[in-house]
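Beneath this line is the structure, given in structure tokens, with notes to follow.
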Amino acid sequence: MLSFEKISEHEQVVFCNDEDTGLQAIIAIHNTTLGPALGGCRMRPYANVDEALEDVLRLSKGMTYKCAAADVDFGGGKAVIIGDPDTDRSPELFRAFGQFVESLNGRFYTGTDMGTTPDDFVHARKETNCIVGVPEAYGGSGDSSVPTSLGVIYGLKATCKMLYGTDSLAGKRYAIQGLGKVGFKVAEALLAEGAKLFVSDINQEALLEISMRSEQLGGSVKIVAGPDIYEAEADIFVPCALGGIINDETIGRFKFEAIVGSANNQLLHMKHADMLRDRGILYGPDYIVNSGGLIQVADELYGPNKERVLRGTKAIYETLTEIYLQSDIRGISTHEAANDFCEARIESRKKRNSFFSHNKRLKWQVRN
Ligand SMILES: NC(=O)C1=CN([C@@H]2O[C@H](COP(=O)(O)OP(=O)(O)OC[C@H]3O[C@@H](n4cnc5c(N)ncnc54)[C@H](O)[C@@H]3O)[C@@H](O)[C@H]2O)C=CC1
Ligand SMILES: O=C(O)CCC(=O)C(=O)O
């Protein structure tokens, strides 16, 4: 049952219902200390509203930390649309969603996430300026999964440096879960380095496609059935699909030396970060590794600039290295070290950025 206790960490949760288009969505604004909330919109056939609410609450909280880690002037938010992206998406549905975003009057900016594409947001953009990551042809910065996947590559490099003393990705074995917008690009980049990949996806076409790409790019691909990916004989696990995949059931099966991927909320609970540390598995905190897309869409509000985005995305290497070192020095999990780093940054900005009001922060109205 919905209660204020459940949403006690959040500033605002908005249920959006539009009978004409069938839109059922939830927007969660976690924290706007650093600026208006920003976070993508996920579309999934959630089993029920509770599952959707749970997801959006966790995802939006993660965005608060991601924005702090990437040092962008945004707070944490996220949206979920309850529906099957294969059968339920329509221009009208995304226009209706855009109207709900507009009703928040600049407190929430959004764009793509799992199950949604930049083209969907061209429709939403007709109803509100608070949309990021539309295609370049429409004046946006384009597909945010491009910098997200690049950021994962920099995260992998920082991890290889920490583990093996070199940031070369060549000659290693990687287990990639999910070959969607991000995972596919990461897989391609790793194949180009001659890597050996184990891959799993529920989409057979993506599996076929990456096998074909390996014939052109080099490296090798072994397709693994569903959950068998957790036991793959790989050096590094690269989760690029769902969250919660690091849990009591999976941890014991891992033979990996590290986990570095794009999936949001990889740890089911905080304790799983400690369990990874106890098992000697180096974990790259998800919201640092996957912040490339955020860096691009946050930057977009100043006008698209690929150079700035590339600089910001490359910095993931240094941030992650610092988190690894802090975790080592303090004897705590990498997740805790990352959280401490972000919370200190948010705390230090509290006085400067009081509760966000769109009207007070004219700089975010550049596109209006
Ligand atoms: N797109 C972006 O720029 C960003 C994405 N992320 C996160 O990265 C992850 C992937 O995002 P996208 O690539 O954009 O999503 P996507 O929807 O394009 O791809 C997800 C892929 O995972 C597959 N999949 C779903 N369930 C699976 C399962 N049980 N086992 C294996 N594969 C499964 C899907 O078939 C699909 O190919 C998500 O957790 C998302 O929140 C995080 C930051 C930015
Ligand atoms: O990629 C985006 O459009 C916004 C960033 C985001 O939602 C994320 O990093 O999870």
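Remember, predicted model here, so these are calculated numbers, not experimental data. In listed order, ligands and their atoms are each counted from 1. Sequential numbering from 1 along the given sequence is applied to the chain's residues.
- Among protein heavy atoms, the minimum distance from atom 5 (C) of ligand 2 is reached at M63 CE, 3.8 Å.
- The shortest N/O to N/O separation between V182 and ligand 1 falls below 3.5 Å.
- Within a 6.0 Å sphere centred on CD of Q216, heavy atoms belonging to other residues, nucleotides or ligands number more than 12.
- In terms of N/O distances under 3.5 Å, ligand 1 is approached by G115.
- The shortest heavy-atom distance from G39 to ligand 2 is under 4.0 Å.
- In this structure, K6 contributes its side chain and L53 its backbone to no donor-acceptor pair below 3.5 Å.
- Ligand 1 has an N or O atom lying under 3.5 Å from an N or O atom of A241, backbone or side chain.
- By the 4.0 Å N-to-carboxylate-O rule, E11 lies close enough to R107 to be salt-bridged with it.
- Using a 4.0 Å heavy-atom cutoff, K78 is listed among the residues neighbouring ligand 2.
- Among Y174, F254, Y283, the one residue that satisfies the side-chain contact (heavy atoms from CB on, under 4.5 Å) test with F237 is F254.
- Compare T148, V186, D143, I229 by their heavy atoms: the one nearest to atom 4 (C) of ligand 1 is in T148.
- Of all protein heavy atoms, the one lying nearest to atom 1 (O) of ligand 2 is S144 OG, 3.1 Å.
- In this structure, S144 counts as a contact residue of ligand 1, since one of its heavy atoms falls inside 4.0 Å of the ligand.
- Formation of a donor-acceptor pair under 3.5 Å by the R89 side chain with backbone atoms of P85 is found in this model.
- The distance from ligand 2 to the heavy atoms of G40 drops below 4.0 Å at these ligand atoms: 4 (C), 6 (C), 7 (O).
- The protein heavy-atom contact nearest to atom 8 (C) of ligand 2 is K66 NZ, 3.1 Å.
- Here's the thing with N290: none of its N/O atoms is less than 3.5 angstrom from an N/O atom of ligand 1.
- Closest to atom 3 (O) of ligand 2, if we only count protein heavy atoms, is T112 O, 3.3 Å.
- Annotation for K196: atom NZ does not count as buried by contact number, only 12 or fewer foreign heavy atoms lying within 6.0 Å.
- Considering backbone and side-chain atoms alike, T112 places every N or O at 3.5 Å or more from each N or O of ligand 1.
- If you look at K66 next to ligand 1, the close heavy atoms, those under 4.0 Å, all belong to the side chain.
- At a 4.0 Å cut-off, not a single heavy atom of V132 sits close enough to ligand 2 to count as contact.
- Residue contacts with ligand 1: S262 is placed with a nitrogen or oxygen under 3.5 Å of a nitrogen or oxygen of the ligand (distance criterion only).
- Between atom 18 (O) of ligand 1 and the options K181, E205, M43, the minimum heavy-atom separation is to K181.
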